[in-house]
Amino acid sequence: MNKLLKLVLGSVLVSTLATGCSTSVERVDAGQTVDLSGAWNDTDSQMVAQEMISDVLARPWYNKFTAKTGQAPSVIVGTVRNLSHEHINTKTFVNEMERELINSGQVEFVASSDERTEIREERIDQDLNSTESTRNAAGQEQGADFILKGQINTIIDTADSEQVRYYQVDLSLISLADNRKVWVGQKKLKKLVSNGKLRY
Amino acid sequence: MKAVLTFLRSRRYLAVIGFSLLQGCSMQQHQLNDLAQTLDNGNASQVLSEVAQREYPERDLAQYKLTLGLLRAVNGDFAGGINELQAAKTEINQLQALSISENIGAVTVNETLRSYTSTASERMLLQQLLILSYLMEDDLDGARVEVLQMQELAKSLPDSGLSGLVSSSYYLGGLVYELGDETDSAMISYRQAYQIMKTSKVAIPLVLQDSLLLASKQLGLRSEHEKYVQEFDHDVKPLDRNKSQLVLVYWGGVVSAKQQQYMSVYAPSLGYNISLALPYYAKHYVKPVPWRFTVLGKTAETEIFDDVNLLARADLEAESAAIYAAALARVIIKQTALHEVQKKDEDGLATLLLNITSMISEMADVRSWNMLPASIQVQRLTLEPGTYYLQQPSLTQGFSVTDIAPIIPVLTTPELVAPVLVNATASIADDIAESAAKSDNGLSLPPSNTALADAANNSGTISSDISNSDTTSPDTLNSESVAMTNFGNVPTAVTVGTDPLLLTPGKTVLLFYSSAAKKAYTPLSP
């Protein structure tokens with residue numbers, strides 16, 4: 001009897017108190033891979049951006065353009081659509097690609113559409129308020145030769161507590177002069193996610 | 001005194017405190033149910049402020065976030081709603097693993113010791129609300145992510161019964177694909193909505209019929225298109241790219257709350273009848289009816305897609321076997337413990353205590369996402385491109401879409417308002433409010449004239465905020481507005497800014513109307 005009674009009362013206590021947990025924080029290196037949920041994360045974003053930009057700069061279109069014009073191509077990163085099953089912050093992915101492109105030193109990089117709008121407003125302000133010697137004139141912007149666009153797609157396959165997450169990132173570099181696709185890149189990621197069947 | 005000291009030394013009071021806490025949880029649910037029912041009066045903003053201040057047990061986190069997210073969304077804070085709803089979804093996903101401690105608690109104490117994980121239909125409706133919220137935030141890709149997640153979720157639905165079969169979620173999924181020019185994916189979603197309605201034995205709404213006919217025609221699915229033509233007894237013309245589409249999603253009423261009942265069953269192991277606390281929904285509820293509104297002076301009606309009350313009952317039915325088994329096991333454990341205590345309890349105090357705690361702790365889990373609408377309805381209209389205005393429901397008229405900028409009458413010369421006139425206005429407004437409250441379109445905020453007049457009479461500052469607004473001559477008032485502001489020659493009507501709804505050729509714009517807030521919303525940049 002006592003055992004049963006203790007079980008009843010004990011379970012009340014355990015069940016009532018079990019929900020409380022303390023928070024712990026540990027600093028880790030920004031480059032360290034930490035996979036928690038299996039969703040797209042910072043490591044995926046960095047890895048895909050690095051590999052795809054390395055690929056795009058190593059392809060024939062680059063040499064063809066420099067040979068023809070005698071100068072480095074100007075590139076702009078357009079939109080990368082998220083068509084996946086997850087809410088992915090594509091802005092961080094785009095920023096990663098911009099960083100890789102600029103730091104490669106092989107291409108000129110043009111500010112994005114939003115940034116250009118802000119800069120133009122600043123120029124208008126300069127027109128009104130800056131001295132003539134420091135004023136920057138309108139109409140002197142460098143136009144991009146190519147635009148990099150793409151999308152992220154996923155295929156999810158789930159059975160019980162196991163899930164296969166397949167990510168496919170497709171990017172294409174399009175010539176702004178004649179709409180030609182000069183490069184198409186693809187990066188695939190596959191993750192096997194096993195969720196616990198029990199929790200405390 | 002001695003008995004009290006013995007009682008305290010035995011630490012049995014800890015159990016009493018524990019059970020009292022559990023009772024508190026039950027009370028909280030009843031209060032939430034009461035709050036939910038007041039949503040029928042359209043006071044979602046008041047309910048939101050009350051819910052936002054409430055404390056909740058950790059195990060009810062998902063339920064709390066669902067409630068808060070819904071209230072934020074129906075009050076027009078779609079970004080805030082998305083944050084709460086995503087938090088709810090994360091919590092629900094984390095709770096899918098079986099909890100050892102919660103199961104022990106549920107089998108020995110009661111079901112409310114389990115974390116709230118939501119029902120199949122609630123999860124599908126969570127997806128729907130997220131789809132709507134992302135569309136309202138003008139984030140089509142975000143809405144598309146939620147559609148994909150909904151389709152994944154649907155794979156885990158029960159194989160039989162109506163639990164989780166939310167046709168409107170699929171219809172909205174189709175709409176999202178349609179907005180993204182993905183007709184093939186839209187067709188799949190419309191088919192799924194159609195299949196659900198067939199399973200539920202519900203008449204296919206004309207809105208869905210037309211979407212199926214149109215998508216199958218666009219995709220060149222001739223045999224399927226022909227099948228629909230035969231079944232629906234009509235065909236549709238291809239979309240006129242020079243016209244605009246308005247899709248109205250209506251969330252009406254409030255779903256009924258779960259209640260508790262006791263069921264007496266014979267326990268062979270004990271040799272007598274025992275009483276089980278089980279959740280149930282009242283058999284009878286108000287069946288949804290189409291919602292009426294006005295478009296350019298003509299009356300239109302929405303079409304019923306989902307009866308959420310029916311879905312809630314189907315969810316409970318799907319879970320009933322597990323709930324019943326746990327309740328039976330729990331009561332047998334409690335009664336066995338009671339018997340054992342009785343054998344060795346000389347003064348009878350322990351038996352009494354255990355009996356009381358056993359009775360008090362025995363309660364059904366009546367938690368639910370109780371602020372969901374009672375029905376979800378849709379209508380789709382083709383309009384000429386142009387500028388339109390949404391006239392939110394008022395005391396005298398329902399929601400309407402008009403091409404004339406709405407004129408909202410207010411008093412601008414408060415010092416001239418005679419007290420007798422104010423009282424007369426108040427009594428008129430109260431009569432109208434009483435009759436209007438009977439219909440869904442009735443707005444339970446008589447503040448428009450009455451409160452303004454009262455405020456004007458008391459402070460004389462009523463016109464200060466509105467004095468900067470564009471003033472319009474009373475001559476421009478339409479007849480209904482004049483009727484509303486018939487205070488003699490005292491007030492002046494002014495137009496209070498309403499964002500116009502610009503419909504361009506070929507554009508489809510979503511309208512979301514919630515009866516809980518009595519307000520319609522359009523996307524950020526329609």
Side-chain angles (χ1 to χ4, degrees), chain A residues 1-23 36-40 79-91 93-94 150-168 193-200, chain B residues 11-12 14-15 18-19 21-22 57-59 61 82 86 90 93-110 113-115 134 139-142 144-149 151-152 155-156 180 182 333-334 336-345 350 354 357-358 361:
Chain A
M1 158 327 259
N2 280 339
K3 279 182 185 171
L4 198 57
L5 183 62
K6 279 175 187 168
L7 177 69
V8 173
L9 293 178
S11 58
V12 176
L13 199 65
V14 168
S15 307
T16 314
L17 301 176
T19 46
C21 302
S22 60
T23 305
L36 295 175
S37 64
W40 177 275
T79 51
V80 175
R81 280 194 76 188
N82 172 26
L83 302 179
S84 75
H85 288 69
E86 293 167 29
H87 291 283
I88 294 173
N89 187 350
T90 52
K91 282 184 183 167
F93 180 58
V94 167
Q151 53 183 235
I152 304 171
N153 282 284
T154 49
I155 299 171
I156 305 282
D157 189 18
T158 309
D160 294 328
S161 57
E162 299 241 303
Q163 195 176 63
V164 174
R165 287 168 176 257
Y166 172 80
Y167 297 86
Q168 184 171 310
V193 182
S194 297
N195 292 309
K197 289 181 181 173
L198 288 175
R199 62 190 162 92
Y200 177 67
Chain B
R11 298 193 181 178
R12 287 164 185 162
L14 286 175
F19 289 125
L21 286 172
L22 290 173
E58 195 64 26
R59 60 180 173 273
L61 177 67
I82 287 169
Q86 291 291 6
T90 305
N93 288 340
Q94 283 172 354
L95 293 172
Q96 292 311 301
L98 200 68
S99 166
I100 301 162
S101 60
E102 287 176 9
N103 271 296
I104 293 173
V107 174
T108 52
V109 184
N110 68 42
L113 289 182
R114 287 189 208 273
S115 291
Y134 278 107
D139 182 356
L140 184 62
D141 283 353
R144 193 183 182 280
V145 167
E146 295 304 328
V147 174
L148 290 173
Q149 289 186 4
Q151 287 167 338
E152 280 304 308
K155 292 176 188 169
S156 63
E182 297 176 73
I333 288 173
K334 283 179 182 175
T336 310
L338 195 63
H339 267 279
E340 294 298 324
V341 171
Q342 227 166 3
K343 283 180 196 168
K344 295 180 183 173
D345 187 18
L354 193 61
T357 51
S358 167
S361 69

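Numbers restart at 1 for each chain; the letters A, B, ... are given by sequence-line order, proteins then strands.
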Taking every heavy-atom pair that is under 4.5 Å apart, which of Asn93(B), Ile100(B), Asp141(B) has the most such pairs with chain A? Asp141(B)
Side chain / backbone / both / neither for Gln86(B) at chain A, heavy atoms under 4.5 Å: side chain
OG1 of Thr154(A) to CD of Glu152(B), rounded to nearest 0.5 Å, is 8.5 Å
One should read off an interatomic distance between His85(A) NE2 and Arg144(B) CZ, to the nearest 0.5 angstrom, of 8.5 Å
Comparing Asn82(A), Ile88(A), Leu83(A) against chain B, the one with the most heavy-atom pairs below 4.5 Å turns out to be Leu83(A)
Gap separating the CZ atom of Arg81(A) from the CG atom of Leu140(B), nearest 0.5 angstrom: 6.5 Å
